[in-house]
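Here, residue 1 is the first one in the sequence, and each next residue gets the next number. Atoms within a ligand are numbered from 1 in the order they appear, just like the ligands themselves.
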Amino acid sequence: MADAVVDTVASVPVAVIGAGPAGLMLAHRLGRAGVDTIVVDTRTRREIEATQRAGILEADAARDLVETGVCDRILREGREHEGIEVRFGGRAHRIDFKALVGESVWLYPQTDVFIDLADARQRDGGTVHFGVSDTEALDITTTAPRVRYTAADGSRHEIRARYVVGADGSRSMCRDLVPADRRVRYGKEYPFAWFGIMAQAPASAPELVYAHSEHGFALISQRTETVQRMYFQCSPDESVDAWPQDRIWETLQARVAGEDGFRLKEGPVLEKTVLRFRSFVQEPMRWGSMALAGDAAHTVPPTGARGLNLALHDVKVLAEVLLRALGPAGAGALDAYQPRALQRLWRAQNFSSWMTRLLHTPPGGSGFDLRRQSGELDNVLGTRAGRTYLAEQYTGWPVRSRG
Ligand code: DHB
């Protein structure tokens with residue numbers, strides 16, 4: 001394949017594999033600095049738009065999307081949330097982000113971030129090819145890497161670049177290009193998954209509700225006035241077919257129930273999916289002329305919704321170092337990428353796995369495990385220091401203080 005004849009050859013400073021939020025935001029940031037990119041993705045735009053992902057943006061990430069001119073729809077259609085509710089032991093505990101740490105988050109689904117970015121690329125004349133196949137990155141350890149792909153119409157193309165970015169998601173092929181004996185993969189599997197639904201119903205609460213109960217975890221999120229997103233802990237091998245609507249509502253209601261009589265507003269279930277999850281990191285995040293960004297380099301469990309925020313942080317740093325690397329500083333400028341990205345990443349890995357363990361019921365957990373977990377929930381929710389810690393982690397860490 002590598003030596004086959006191609007129909008066209010294009011040259012750009014940076015070729016990007018993956019047109020999710022990481023790849024598109026990187027292209028957008030580089031485009032604003034006058035650097036051309038070509039972005040390719042095996043999925044069609046429609047396929048990416050139809051994938052449900054998390055819905056929480058850190059205030060910094062939301063601000064960046066507005067200030068870099070991606071779109072200000074977030075300010076009109078997104079909703080600023082100044083706290084969350086955590087239900088435990090049948091009682092509601094509010095974590096007041098604004099009062100505790102002076103920050104907030106934005107409820108704005110990743111699908112909308114993707115749509116805004118794809119529209120912005122189109123508006124700005126950026127090149128993005130969706131629905132390609134046979135993508136290969138070649139010569140990445142040289143100063144003249146190439147990307148080859150087959151377009152949707154069957155024609156073969158080559159992109160010649162100075163740098164290649166692998167932003168090709170949690171099943172990345174780019175990360176496999178780092179030789180096995182030169183990479184390290186850190187990971188952790190969890191003994192449960194999330195059952196996610198979209199339901200046609202009004203919101204049950206003004207803010208997101210995270211619930212820990214003896215029956216397991218539940219999360220009540222929102223999408224629009226009439227459509228809500230909810231999740232509950234299930235077994236990783238759960239089948240959606242075993243869950244008729246009544247059973248879903250019964251399960252969710254039992255997990256959020258409490259002495260205040262709180263009940264979810266029910267409605268038709270529009271969509272159901274089982275989301276398996278894990279923690280994963282690959283190092284190095286750069287190999288020769290290729291850098292990895294977003295889920296291609298790392299994934300976090302969904303609790304706390306860090307994934308998109310981490311991807312946007314990666315490409316903020318990466319755009320900066322690529323611009324330097326394309327100038328007189330040369331490739332050495334890329335050395336700054338991994339340490340800056342990883343520092344934030346491991347904080348987020350810790351937070352996501354901590355919040356997951358805090359709120360889920362481990363299958364087969366001993367009496368000691370369950371009582372220790374209750375003690376931890378009391379410590380976190382019942383002390384100002386505990387609530388402040390949760391608020392600080394959930395709202396993210398200012399990019400500026402990370403240098
Ligand atoms: C959503 C998902 C999350 O994992 C989370 O922690 C908060 C919100 C969501 O899909 O809205």
Side-chain angles (χ1 to χ4, degrees), residues 20-21 48-59 61-62 74 77-88 94-95 97 103-115 170 190 192-212 216-234 252 255-256 264 269-279 294-295 298-312 348-360 380 390-396:
I48 305 178
E49 282 176 4
T51 311
Q52 295 297 340
R53 303 296 290 269
I56 293 290
L57 279 175
E58 290 167 13
I74 217 168
E77 294 176 24
R79 260 166 295 166
E80 191 173 10
H81 282 207
E82 297 189 351
I84 53 169
E85 183 172 285
V86 181
R87 296 184 67 82
F88 155 61
R94 179 153 192 268
I95 309 293
F97 300 153
E103 274 294 352
S104 58
V105 294
W106 284 80
L107 181 82
Y108 191 70
Q110 177 166 331
T111 309
D112 289 284
V113 173
F114 166 76
I115 291 169
S170 57
Y190 296 83
F192 37 74
W194 278 10
F195 198 104
I197 64 160
M198 287 292 213
Q200 194 173 344
S204 297
E207 294 173 340
L208 267 57
V209 178
Y210 288 82
H212 169 78
F217 168 83
L219 166 58
I220 312 306
S221 184
Q222 312 166 350
R223 283 297 177 266
T224 65
E225 299 281 299
T226 54
V227 176
Q228 313 307 321
R229 178 76 165 148
M230 306 185 192
Y231 307 92
F232 60 87
Q233 175 185 344
C234 67
L252 281 165
R255 292 188 186 190
V256 300
L264 299 170
V269 172
L270 307 171
E271 212 182 296
K272 36 186 190 178
T273 348
V274 172
L275 294 95
R276 300 188 63 156
F277 56 85
R278 61 181 184 146
S279 304
D295 280 358
H298 44 72
T299 50
V300 292
T303 327
R306 295 297 83 198
L308 171 59
N309 294 289
L310 282 169
L312 294 176
Q349 284 289 7
N350 175 61
F351 172 62
S352 304
S353 97
W354 172 76
M355 197 171 171
T356 300
R357 279 180 289 118
L358 181 71
L359 295 172
H360 289 68
V380 173
L390 178 48
E392 214 164 51
Q393 304 291 308
Y394 195 101
T395 54

Q.
For Glu49 and Ile115: C-alpha separation, side-chain torsions, deciding distance, then whether side-chain contact (heavy atoms from CB on, under 4.5 Å) applies.
A. CA-CA 7 Å; Glu49 282 176 4; Ile115 291 169; 3.7 Å; yes
Q.
Rounded to the nearest 0.5 Å, what separates atom OH in Tyr231 from atom CD1 in Ile220?
A. 11.0 Å
Q. Quick one: CD on Glu85 to CD1 on Ile95, what's the gap to the nearest 0.5 Å?
A. 10.0 Å
**Q.** Under 3.5 Å donor-acceptor, Thr111 side chain and Thr51 backbone
**A.** yes
**Q.** Exercise: identify the closest heavy-atom pair between Leu275 and Arg229
**A.** CD1-NH2, 4.4 Å
Enumerate the atoms of ligand 1 whose separation from the nearest heavy atom of [X] is less than 4.0 angstrom.
{"X": "Ile56", "value": "7 (C), 8 (C)"}
{"X": "Gly55", "value": "1 (C), 9 (C), 10 (O), 11 (O)"}
{"X": "Leu208", "value": "7 (C), 8 (C)"}

For ligand 1 and [X], I'd like to know whether there is a polar contact (N/O to N/O, distance under 3.5 Å).
{"X": "Tyr231", "value": "yes"}
{"X": "Ala305", "value": "yes"}
{"X": "Tyr394", "value": "no"}
{"X": "Pro302", "value": "yes"}
{"X": "Gly304", "value": "yes"}
{"X": "Tyr210", "value": "yes"}
{"X": "Ser221", "value": "yes"}

(Q) For Gln52, which part has a heavy atom under 4.0 Å from ligand 1: side chain, backbone, both, or neither? (A) neither
Q: Check Trp194 against ligand 1 and report side chain, backbone, both or neither, counting heavy atoms closer than 4.0 Å.
A: side chain
Q: Hey, can you tell me if Tyr210 and Phe217 have their rings parallel, tilted or perpendicular (30° and 60° cut-offs)?
A: tilted
Q. Relative to the ring of His360, is the ring of Phe192 parallel (under 30°), tilted (30 to 60°) or perpendicular (over 60°)?
A. parallel
Q | Whether Arg223 lies under 4.0 Å from ligand 1, heavy atom | A | yes
Q. Have Tyr190 and Ser279 got a donor and an acceptor in their side chains that come within less than 3.5 Å?
A. yes
Q) Quick one: are Thr273 and Gln52 in side-chain contact, heavy atoms under 4.5 Å? A) no
